[in-house]
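Before any comments, here is the structure.
Small disclaimer: the values here were computed from a predicted structure and weren't measured.
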2 protein chains.
Amino acid sequence: MVDPTNNIGNVIRKVRSERGLTLDETAGITGVSKAMLGQIERGKSNPTISILWKIAAGLKISFSELLGSEDEIGEIIDIEGIDPVYESEGKMILHDVFPYNPISGFELFYIKMLPGGYHVSPPHQSSTEEHIIVTEGTLVIDVDGRHHVLKAPSALKFKSNLEHVYSNPYTVDVVFQSIVKY
Amino acid sequence: MVDPTNNIGNVIRKVRSERGLTLDETAGITGVSKAMLGQIERGKSNPTISILWKIAAGLKISFSELLGSEDEIGEIIDIEGIDPVYESEGKMILHDVFPYNPISGFELFYIKMLPGGYHVSPPHQSSTEEHIIVTEGTLVIDVDGRHHVLKAPSALKFKSNLEHVYSNPYTVDVVFQSIVKY
DNA sequence: TCTTTTTGTTTATTATAACATTCAGTTTTA
DNA sequence: TAAAACTGAATGTTATAATAAACAAAAAGA
């Protein structure tokens, strides 16, 4: 999401009308002028965090509710239609299905690795966890020197502040998903 | 909290210095000027939501982190070895691969649904999001009356405070993963 | 030591968030 | 009818968010 501004306005207007509040009443409850509220609802303003805080507190709604990306929700994603990123000389094909966003707090990749594929992932930032689900074939993962063989269906999680190596030493493709939780 | 501005600055500065980033580098990553970053860190500015979004996305930190189980790590999980829960008269088989934990903040199920399987999920608590990845076969999901056909590999997310129905009206098994983010 | 580079802060300028007020269009009431 | 009351939207003004550029202090290199 590039700019959450538009959706914020829609959420506020929805909540406000659901509760039968006028702009004036909402201004009274939140301490934000009705002119400002009107502009934010119409997407004509890029509110500061303080103003947003006052609105959320006044209306008793969460930040996630306020910033949740309504527009993308409910849309089917054609994974193979996502332009992939290639690693390992084209033998590792990554589709960024759910890119990172500050509300969900995670990122999900759909990954296909061809026979002979090999990828070294340097340590990511601390406190992130990586979750792997192998759904086709067999994947080998070496985390910090420890060797893991994952035959579908199986799963593994590890802290990604360790070096980890993915490889497919077999003769058939392996398909797996990687969820990185920050 | 009356004004979240001060704490936001402290969090950003902490994250930035932990990663050994300069203001210039952070400006490059986030697309926010270093002057602005410096002012926000020192609590001298009341940033707009757009600026905050860019910072959070660039640094891969969540909004909760900005405003607000060790033992299992590294163990391979044999998904079919997890005692499943059966729904839909045995036609829906759920493996709770990564049960909910308060740190990760989400839960992942590996689900197999046999032909003729059908499951009605009543609305969960508000503000939760459900993410579906279909990896084998074709799954039908009806969310709040909207009909979705997901042929593997494909994915869908929706707010789970709406009634949603999973079904497999076909003649082969469907396998999918469900991530619920709270 | 002197220079050069790298850091974060400060300054000057522009863009715009936020507010109070006014306005036009509806609905209510007399 | 009108007039009064209420709605959201459009003004003009002020405060400040956001940027680029200049700056001072510290660190690194010669």
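- For A:Q39 (side chain) and A:M36 (main-chain N/O), no donor-acceptor pair under 3.5 Å exists by modelled atom type.
- Between B:R13 and A:T48, the residue anchored nearer the 5' end of DNA chain C, judged by the nucleotide with its closest heavy atom, is B:R13.
- Under a 3.5 Å cut-off, the side chain of A:T30 and the backbone N or O of A:V32 do form a donor-acceptor pair.
- For the pair B:Q39 CD and C:dA12 P, the interatomic distance rounds to 14 Å; values are reported in whole Å.
- Between the A:N168 side chain and the A:G117 main chain, no donor and acceptor come within less than 3.5 Å of each other.
- A:Y118 and A:E89 form no side-chain donor-acceptor contact under 3.5 Å, judged by distance and modelled atom types alone.
- Within residues 23-36 of chain A, the residues that have a heavy atom under 4.0 Å from DNA chain C are, in order of number, A:V32, A:S33, A:A35, A:M36.
- As rounded to whole Å, 14 Å separates atom P of C:dG8 from atom CD1 of B:I12.
- The aromatic rings of A:H131 and B:F98 lie perpendicular to each other, with more than 60° between the two planes, well past the 30° mark.
- A distance of 6.0 Å or more separates the ring centres of A:F109 and A:H95.
- Side-chain contact annotation: B:D78 with A:S154, donor-acceptor N/O pair under 3.5 Å absent.
- Listed by first and then second residue, the salt bridge (Lys or Arg N to Asp or Glu O under 4.0 Å) pairs that reach into residues 28-40 of chain A are A:D24-A:K34, sequence neighbours excluded.
- One atom, CD1 of A:I40, and another, P of C:dA18, lie 6 Å apart when rounded to the nearest Å.
- Whole-Å rounding puts the B:L21 CG to C:dT7 C1' distance at 13 Å.
- Of the N and O atoms on the side chains of A:S178 and A:E130, at least one donor lies less than 3.5 Å from an acceptor on the other residue.
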Please produce a list of atom pairs where a protein N or O lies less than 3.5 Å from an N or O of nucleotides 24-26 of chain C.
none

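- Between the side chains of A:S121 and A:H164, at least one donor-acceptor pair of N or O atoms lies under 3.5 Å.
- A:R42 places its CZ atom 13 Å from the P atom of C:dA17, with the value rounded to the nearest Å.
- An OP1 or OP2 oxygen of C:dT6 is reached within less than 4.0 angstrom by no side-chain nitrogen or oxygen of B:T22.
- One end of the helix from C:dT1-D:dA30 to C:dA30-D:dT1 points its axis 10° away from the other end's axis, with each axis taken from 5 pairs and the angle rounded to 10°.
- The footprint of chain B on DNA chain D, defined by a heavy-atom cutoff below 4.0 Å, extends from D:dA17 to D:dA20.
- The interatomic distance linking A:L52 (CG) with C:dA17 (P) rounds to 13 Å, in whole Å.
- Here B:R16 reaches the OP1 or OP2 of C:dG8: one of its side-chain N or O atoms lies under 4.0 Å away.
- The separation between A:L37 atom CG and C:dA17 atom P is 15 Å, rounded to whole Å.
- For an aromatic pair to be called close, the ring centres must be under 6.0 Å apart, and A:F106 with A:Y100 fails this.
- Remark: C1' of C:dA17 and CG of B:N46 are 10 Å apart, rounded to the nearest angstrom.
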Apply side-chain contact (heavy atoms from CB on, under 4.5 Å) to residues A:I8 and A:L52 and explain how you reach the verdict.
CA-CA 9 Å; A:I8 289 173; A:L52 223 49; 3.9 Å; yes
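- Evaluation of the ring-ring contact (aromatic ring centres under 6.0 Å, His included) rule for B:Y110 yields no partner, not counting sequence neighbours.
- Under the 4.5 Å side-chain criterion, counting only non-hydrogen atoms from C-beta, A:L150 is not in contact with A:V140.
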